[in-house]
Amino acid sequence: MKTSEFAGFSPETFDFLWGIRLNNHKEWFAAHKKDYVDRLYEPMKALGQAAFRPFLDRPGNLLKVSRIYRDARMHYPVPYKESLWLCIRQDVEWWAENPCLYFEIRPEGASAGFLFWKPKTAILEAFRQDLIARPEVFPKIAEKCRKATGLPLTAEVYKRPKPCPIPELEPYFAWKGDIECTTSWEPGEALFDPKLGDELAEMFENLLPLYDYFGALTAKGV
């Protein structure tokens, strides 16, 4: 994927995103397609290239940049998405069942970080077993990422979690999905700054221990 250096998003990026939310039809999009390409899609590709730098020497990882077109078979009659995202993940069939590092921009702003949205039940069971077998490993990874990024690690939890034989690990035993370590921005200078590419690459590099840990669990094909 060849692209230019990331130069930042712009107020016009958000003008387009609000426009597509309020005018989600082909006629409006056709009249504003150049805005989509120049203000949103090309900057997103450039940002993806910047964010992927820590992965250039790490085989098995893919950079995916979404497009705005929806699958008409699933979303008719709404033809366009209201956001655009990029993600770094392994070459898998469905990204949501696997860990990823992502950036998403939408009318209200943007968010980015580590996400493991819908882990399979078997993967969560393998996670709990690994916690028991190596009780010091994952808490150290979680703390390392927290210190490096300043971001909390959160998850959706079971109302009735499985019993945990090690009391200090009980919070992790309750996890059922939406495991994430993320941050967000409102529209403004942080998103308009070309330095965002370097900052995103640094964030992703700091989150690699989480990404690698859960990636190793899913790679086992549990």
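Reckoned from all heavy atoms, side chains included, excluding hydrogens, waters and symmetry mates. It should be emphasised that the depicted structure is a prediction, and the values quoted were computed from it without experimental measurement. For reference, positions follow the sequence shown, starting with 1.
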State, yes or no, whether a side-chain contact exists between [X] and [Y] at a heavy-atom distance under 4.5 Å.
X: Ile105; Y: Leu40; result: yes
X: Glu82; Y: Leu17; result: no
X: Leu200; Y: Phe6; result: no
X: Asp212; Y: Arg58; result: yes
X: Leu84; Y: Met44; result: yes
X: Ile68; Y: Tyr41; result: no
X: Phe204; Y: Arg53; result: no
X: Gln90; Y: Asn61; result: yes

Only pairs under 3.5 Å count here: list side-chain donor-acceptor contacts from residues 146-170, not counting sequence neighbours, and write none if there are none.
from, atom 1, to, atom 2, distance (Å)
Arg146, NE, Glu143, OE1, 3.0
Arg146, NE, Glu143, OE2, 3.4
Arg146, NH2, Glu143, OE2, 2.6
Thr149, OG1, Cys145, O, 2.7
Thr149, OG1, Leu151, N, 3.1

Which value, rounded to the nearest 0.5 Å, describes the distance between [X] atom [atom1] and [Y] atom [atom2]?
X: Cys100; Y: Phe114; atom1: SG; atom2: CZ; result: 7.5 Å
X: Leu86; Y: Leu101; atom1: CG; atom2: CG; result: 10.0 Å
X: Ile123; Y: Lys118; atom1: CD1; atom2: NZ; result: 15.5 Å
X: Tyr102; Y: Leu207; atom1: OH; atom2: CG; result: 10.5 Å
X: Asn24; Y: Tyr80; atom1: CG; atom2: OH; result: 8.0 Å

Does [X] have any side chain to side chain donor-acceptor pair (under 3.5 Å) partners at least two apart in sequence or in another chain, and if so, which?
X: Asp38; answer: Lys34
X: Ser10; answer: Glu12, Thr13
X: Arg128; answer: Glu125
X: Asp130; answer: Arg134, Tyr213

Tell me the closest heavy-atom pair linking [X] and [Y], and the distance in Å.
X: Ala50; Y: Ala201; value: O-CB, 3.4 Å
X: Phe103; Y: Ala112; value: CD1-CB, 3.8 Å
X: Gly215; Y: Pro99; value: N-CG, 3.6 Å
X: Gly177; Y: Pro119; value: CA-CD, 3.8 Å
X: Ile88; Y: Ala51; value: CD1-O, 3.8 Å
X: Ala142; Y: Tyr172; value: CB-OH, 4.0 Å

Residues forming a ring pair (Phe, Tyr, Trp, His ring centres under 6.0 Å) with [X], sequence neighbours excluded:
X: Phe52; answer: Phe55
X: Phe116; answer: Phe214
X: Trp95; answer: Trp117

Do any side-chain atoms of residues 181-192 form donor-acceptor pairs under 3.5 angstrom with protein atoms, and if so which ones, sequence neighbours left out?
from, atom 1, to, atom 2, distance (Å)
Thr182, OG1, Glu180, OE2, 3.1

Any pair with a residue in residues 95-116 that passes salt bridge (Lys or Arg N to Asp or Glu O under 4.0 Å), sequence neighbours left out, goes on the list, sorted by first then second residue, please.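 As it turns out, the salt bridge (Lys or Arg N to Asp or Glu O under 4.0 Å) pairs with a partner in residues 95-116, which skip direct neighbours, are Arg21-Glu108, Glu97-Lys120.
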Applying ring pair (Phe, Tyr, Trp, His ring centres under 6.0 Å) to Phe127 and Phe138, what does each step give before you reach the verdict? CA-CA 9 Å; Phe127 172 53; Phe138 185 76; 5.0 Å; yes
With sequence neighbours left out, the residues meeting side chain to side chain contact (heavy atoms under 4.5 Å, CB included) with Lys140 are Glu136
Residues at least two apart in sequence or cross-chain that pass side chain to side chain contact (heavy atoms under 4.5 Å, CB included) with Trp28, listed by chain then number, are Phe16, Ile20, Asn23, His25, His32
Between [X] and [Y] (side chain of the first, backbone of the second, donor and acceptor by atom type, cut-off under 3.5 Å), is there such a pair?
X: Lys81; Y: Arg67; result: yes
X: Arg70; Y: Pro79; result: no
X: Trp85; Y: Ser66; result: no

Quick one: do Lys144 and Leu210 satisfy side-chain contact (heavy atoms from CB on, under 4.5 Å)? Show the steps, please.
CA-CA 9 Å; Lys144 180 179 180 180; Leu210 277 176; over 6 Å; no
Transitive ILVMFWY side-chain link [X] to [Y], under 4.5 Å:
X: Trp18; Y: Val37; answer: no
X: Trp175; Y: Ile132; answer: yes
X: Leu56; Y: Leu208; answer: yes

